[in-house]
Participant: 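Mind looking over this structure? Questions follow.
In listed order, ligands and their atoms are each counted from 1.
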Amino acid sequence: MSIRQLTLMAVHAHPDDEATGTGGVLARYAAEGMRTVLVTCTDGRCGDGPGGVKPGDPGHDPEAVATARRAELEASCAILGVSDLEVLGYADSGMAGWSTNDVPGSFWTTPVEEAAGRLAELVDRYRPDVVVTYDANGFYGHPDHIQAHRITMAALERTGSPAKVYWTTMPHSAMAKFVEMAREAGMELPDEAPADVPEIGLPDEQITTWVDVSAYADRKFAALGAHASQEETMPFLSMGVERFAEVMGVETFVRVDEQVDAAVRETDLFAGLR
Ligand SMILES: [Zn+2]
């Protein structure tokens, strides 16, 4: 009798989010023999075009951007050892308040039940033991991240999946360190976040799960490098791999289910399952 392979499923909004938020755990658990399934919900068409051209500006071709970002996503998955990439292919809705939010076919305008039904098929097919997505605020308020959260929670409920469920987060201590290092690297940052930006991350004591991914920081860095067309990867890439490993060597999560008996404070997404 063979033992079933443990499976991690990460549900992300855009090409590049898999590297930013979960590149370490994807690489680590692939190396440990787990099956790693990445579901990317949108095509990233509202990302940067060649030469950094922004959506809505002359020369920004959303279809071409989506095609380029699909290739970047596949390169990132190869670096991280993702065993199964599933793309739902919804149109990127853009940042909160952009006119692209309401375009027919955008992920944001897609009924949660409809997209959750497609994700539920994948949950039934892969039967993940661990599922990772964003919190209800999509970590920082991006409509597609919020929608990814909603469809994931709906799909898990619909399928009755017994998976351990996690939301990505950042400890406030790490965010302070990140800002400090970004400044040292020459980035200009405001002293205080603007008042209209929702507070992101969590106080350290509210974080349940701290996973050491320092041995895979170089892979995570390389996966981010695969998405180099996107300006938002620059703060990471400009640090260089050594500084990056110092700041990004631990990935943090909040465990949101109580279905598996594991310690409240964990260092392994699969704690209690192996
Ligand atoms: Zn995103």
Side-chain angles (χ1 to χ4, degrees), residues 9-26 37-49 52-56 60 62 65-77 79-80 82 85-103 105-110 112 115 118-119 131-153 166-170 175 178 197-201 220-221 223-237 248 251-254:
M9 175 181 279
V11 183
H12 281 294
H14 308 105
D16 78 10
D17 292 319
E18 80 290 346
T20 321
T22 56
V25 291
L26 286 168
V37 181
L38 170 64
V39 181
T40 301
C41 296
T42 80
D43 60 5
R45 64 176 51 221
C46 293
D48 299 339
V53 61
K54 298 293 178 189
H60 187 280
V65 169
T67 301
R69 297 194 73 188
R70 173 64 189 256
E72 292 183 337
L73 178 62
E74 288 175 5
S76 169
C77 285
I79 291 163
L80 297 173
V82 168
L85 169 63
E86 299 282 353
V87 294
L88 299 187
Y90 293 105
D92 186 343
S93 312
M95 304 286 265
W98 290 11
S99 62
T100 47
N101 292 176
D102 304 316
V103 168
S106 79
F107 190 34
W108 184 239
T109 57
T110 301
V112 169
R118 291 185 59 203
L119 183 57
V131 174
V132 177
T133 189
Y134 315 104
D135 62 25
N137 188 42
F139 184 57
Y140 71 104
H142 192 299
D144 289 329
H145 289 231
I146 293 170
Q147 189 77 331
H149 165 87
R150 290 178 180 167
I151 76 160
T152 303
M153 301 316 285
Y166 293 91
W167 297 339
T168 53
T169 190
M170 285 274 279
M175 296 182 63
F178 179 77
V197 174
E199 184 155 343
I200 59 173
K220 181 170 175 170
F221 188 80
L224 280 163
H227 295 287
S229 71
Q230 303 304 303
E231 191 185 348
E232 66 192 44
T233 62
M234 283 309 131
F236 301 108
L237 298 175
M248 308 296 282
E251 287 179 348
T252 48
F253 305 86
V254 176

Participant: From His12, does some N, O or S atom reach closer than 2.8 Å to the Zn ion (ligand 1)?
Facilitator: no

Participant: Please work out whether the ring planes of His142 and His145 are parallel, tilted or perpendicular, with thresholds of 30° and 60°.
Facilitator: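 It falls in the tilted class, 30° to 60°.
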
Participant: Please name the atom of His14, restricted to N, O or S, that is closest to the Zn ion (ligand 1).
Facilitator: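 Going through the N, O and S atoms of His14 one by one, ND1 ends up nearest to the Zn ion (ligand 1).
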
Participant: Give me the one residue out of Gln230, His227, Arg69 that meets side-chain hydrogen bond (donor to acceptor under 3.5 Å, both in side chains) with Asp16.
Facilitator: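 For Asp16, the side-chain hydrogen bond (donor to acceptor under 3.5 Å, both in side chains) check succeeds only for Arg69.
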
Participant: How open is the angle at the Zn ion (ligand 1) from atom NE2 of His145 over to atom OD2 of Asp17, rounded to 10 degrees?
Facilitator: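 Computed angle, vertex at the Zn ion (ligand 1), rounded to 10 degrees: 100°.
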
Participant: Any N/O/S atom of His142 sitting less than 2.8 Å from the Zn ion (ligand 1), backbone or side chain?
Facilitator: no

Participant: Hey, are the side chains of Leu80 and Glu18 touching, using non-hydrogen atoms and a 4.5 Å cut-off?
Facilitator: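 Heavy-atom side-chain distance check passes, below 4.5 Å.
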
Participant: Quick check on the Zn ion (ligand 1): does Asp16 put an N/O/S atom closer than 2.8 Å to it?
Facilitator: no

Participant: Under a plain distance cut-off of 3.5 Å, with no hydrogens placed, do Ser93 and Asp144 share a side-chain donor-acceptor pair?
Facilitator: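 Yes, because at least one side-chain N or O of Asp144 sits under 3.5 Å from a partner of the opposite role on Ser93.
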
Participant: Should Val39 and Leu88 count as side-chain neighbours, where that means a heavy-atom distance under 4.5 Å?
Facilitator: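 The answer is yes, as the side chains (C-beta and beyond) meet within the 4.5 Å cut-off.
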
